[in-house]
Amino acid sequence: MDMTTRYMGLTLKNPLVASAGPLSEHLDNIRRLEDNGAAAVVMFSLFEEQIRHDTAALDFFFNLGRDRFAEAASYLPEIQDYDVGPGQYLDLLRKASEAVDIPIIASLNGISEHGWVTFAKEMQDAGASGIELNVYYIPTEPFRSGSEVEQQYVNVLSAVKARVTVPVAIKLGPYFSSFADMASQLDEAGADAFVLFNRFYQPDFDIETGTVMRSLTLSRPDEIRLPLLWIALLYGRVSASLAATTGVHGPIEVIKYLMAGANVVMSTSAVLQEGPSFFARVLAEMTDWMEKKGYTSVDQMRGSMSQASVIDPTAFVRGNYIKTLENYTKTTDITARLARLKPY
Ligand SMILES: Cc1cc2nc3c(=O)[nH]c(=O)nc-3n(C[C@H](O)[C@H](O)[C@H](O)COP(=O)(O)O)c2cc1C
């Protein structure tokens, strides 16, 4: 079985990649990810605020929920062990790149195109095979237009691209009024890959204490649908590679994402729950499935369910929504259901 795949100009031994997350904070864990078959590791993010010494935002991903995942306790470092300084990040990146044979992709997380982007070059010099730029941005300013926000994404990508020769991926959220256009603009600006999608932190309320709860929930497999849709829609339409992130908990999600057109499929939540051996299990199970179905390579499977390949491309868009609703009303006796409902 030929499991190799091309991703942002790199040749990977298989399409399974460890996405940015706390596991990469320790060299031992990066080794364990490689030993279990991960084809590349995206390191946790270094935030613009860290580089600019704006300590207010430092603990964003790292403190959130760290003590909530009992399963992860054995391989997650204590927060006090975690030194978030840029110097330490580069040091770990350098050690990781030397310690393993798989590519290490460094992650920069920010929104402005100013001074901090020069750090991308330092990441490259420290051995990063690529940079993943996470534009984690929730535009809350009134009177800031959608096109201004989009231009900011293009600017920050261009600023990073101008400083490095290694490939640059951009990790995005789905909330644009025209995602396909945004992707095209970033494609033109030279994005080497799209990582779809950022899973935005959504606070919850504790109604007893009247407080905003800062808890991070791990993903579930049914969350793959939005990235799956957009990967299927973008496949063959952009030059950039496509990485799927969100909801990958087993071989089924990996296979679906590959069929939609992903070059690689990433995972964090499942690895936090199961440990690095998640990769070995999924690799074995998906290879087994592919053999049974007569596939000889990952390339053969890629994009087979994308909009470019399916017989009815309307299955991805509005036409299918209308058909689905029609079908629901035909097959569901709504009047009878409503009659059974008790009035308030
Ligand atoms: C505890 C935790 C820490 C994370 N840290 C980062 C990070 O530093 N940078 C980043 O781009 N994404 C980060 N993520 C997001 C993951 O890389 C991934 O995109 C997201 O969790 C969806 O994938 P999953 O369903 O496999 O978890 C983090 C996720 C979790 C759960």
Side-chain angles (χ1 to χ4, degrees), residues 15-26 29-30 33 38 40-51 57-73 75-79 82 84 86 89 92-93 104-111 123 130-137 156 160 168-174 193-202 214-228 231 242-254 256-257 262 264-276 278-279 282:
L16 299 185
V17 171
S19 44
L23 245 73
S24 55
E25 289 166 19
H26 277 193
N29 285 337
I30 296 176
L33 289 166
V41 172
V42 184
M43 278 183 56
F44 60 95
S45 291
L46 187 68
F47 288 74
E48 173 177 356
E49 290 81 356
Q50 286 168 266
I51 300 167
L58 287 189
D59 67 348
F60 184 72
F61 275 119
F62 301 101
N63 282 336
L64 274 176
R66 180 172 301 263
D67 51 354
R68 286 172 195 274
F69 311 132
E71 312 90 325
Y75 43 84
L76 281 186
E78 292 298 318
I79 188 64
Y82 177 62
V84 290
Y89 191 98
L92 177 60
L93 176 58
I104 302 292
I105 298 170
S107 168
L108 259 186
N109 196 317
I111 55 168
M123 287 172 154
I131 309 288
E132 186 175 286
L133 174 64
N134 186 336
V135 188
Y136 192 104
Y137 179 46
V156 65
V160 171
V168 180
I170 184 160
K171 187 168 182 178
L172 300 167
F194 294 119
V195 183
L196 307 179
F197 282 118
N198 247 332
R199 212 168 154 259
F200 286 122
Y201 160 65
Q202 298 169 346
R214 299 195 339 146
S215 60
L216 183 76
T217 48
L218 294 180
S219 69
R220 298 178 319 271
D222 60 6
E223 288 179 53
I224 72 165
R225 287 182 174 209
L226 190 61
L228 190 71
I231 288 169
L242 299 170
T245 175
T246 294
V248 176
H249 288 254
I252 295 174
E253 293 80 54
V254 177
K256 286 181 182 175
Y257 273 138
V264 294
V265 176
M266 299 181 167
S267 191
T268 288
S269 291
V271 189
L272 287 175
Q273 287 169 320
E274 214 174 303
F278 166 82
F279 285 102
V282 173

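Numbering of ligands and ligand atoms starts at 1, following listing order. Since we're looking at a predicted model, the values are computed, not measured.
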Working for side chain to side chain contact (heavy atoms under 4.5 Å, CB included), residues L33 and V271
CA-CA 9 Å; L33 289 166; V271 189; 4.0 Å; yes
Counting both backbone and side chain atoms, is some N or O of E132 under 3.5 Å from an N or O of ligand 1?
no
For ligand 1, find out whether one of its N or O atoms is nearer than 3.5 Å to an N or O atom of A270.
no
Under 4.0 Å from ligand 1, counting heavy atoms only, is it the side chain of E223, its backbone, both or neither?
neither
Which atoms from ligand 1 have a heavy atom of K171 less than 4.0 Å away?
10 (C), 11 (O), 12 (N), 15 (C), 16 (C), 17 (O), 18 (C), 19 (O)
Check whether Y89 reaches the backbone of S45 with its side chain - one donor and one acceptor, N or O, closer than 3.5 Å.
no
Please say whether more than 12 non-hydrogen atoms of neighbouring residues, nucleotides or ligands are located less than 6.0 Å from CD1 in I111.
yes
Would T245 and F197 count as a side chain to side chain contact (heavy atoms under 4.5 Å, CB included) if you check the C-alpha gap in whole Å, the side-chain angles of each, and the deciding distance to 0.1 Å?
CA-CA 6 Å; T245 175; F197 282 118; 5.7 Å; no
As an exercise, identify every atom of ligand 1 less than 4.0 angstrom from a heavy atom of S219.
24 (P), 25 (O), 27 (O)
Working note: F278 + S269, criterion side chain to side chain contact (heavy atoms under 4.5 Å, CB included); need CA distance, chi angles, decisive distance, verdict.
CA-CA 10 Å; F278 166 82; S269 291; over 6 Å; no
Under 4.0 Å from one or more heavy atoms of G247, ligand 1 contributes atoms 24 (P), 25 (O)
Could you tell me whether R199 and ligand 1 have an N or O pair separated by under 3.5 Å?
no
Backbone or side chain, does any N or O of F47 fall under 3.5 Å from an N or O of ligand 1?
no
Using atom types as modelled and distance alone, determine if a side-chain donor or acceptor of H249 lies under 3.5 Å from a backbone N or O of S219.
yes
From the candidates T245, L196, N134, the one that places a heavy atom nearest atom 22 (C) of ligand 1
T245
Check this for me - ligand 1, N109, N or O atoms closer than 3.5 angstrom, yes or no?
no
I need the atoms of ligand 1 closer than 4.0 Å to a non-hydrogen atom of G21, numbered in the order shown.
4 (C), 5 (N)
Residue S267 vicinity, atoms of ligand 1 by number, heavy atom under 4.0 Å:
26 (O)
Atoms of ligand 1, numbered as shown, that sit under 4.0 Å from any heavy atom of A20
4 (C), 5 (N), 6 (C), 7 (C), 9 (N), 10 (C), 11 (O), 12 (N), 13 (C), 14 (N), 15 (C), 16 (C), 17 (O), 28 (C)
May I have the step-by-step check of side chain to side chain contact (heavy atoms under 4.5 Å, CB included) for R199 and T217, ending in yes or no?
CA-CA 10 Å; R199 212 168 154 259; T217 48; 3.8 Å; yes
Listed partners of R225 passing side-chain hydrogen bond (donor to acceptor under 3.5 Å, both in side chains), at least two apart:
none
Check side-chain hydrogen bond (donor to acceptor under 3.5 Å, both in side chains) between S24 and all other residues, then give those that pass, not counting sequence neighbours.
none
List every atom of ligand 1 that sits less than 4.0 Å from any heavy atom of P22, numbering the atoms from 1 in the order shown and giving each element.
1 (C), 2 (C), 3 (C)
Consider side chain to side chain contact (heavy atoms under 4.5 Å, CB included). Of V248, V264, I252, which one does Y257 pass it with?
V248
Among P227, S19, S107, S45, which one puts a heavy atom closest to atom 7 (C) of ligand 1?
S45
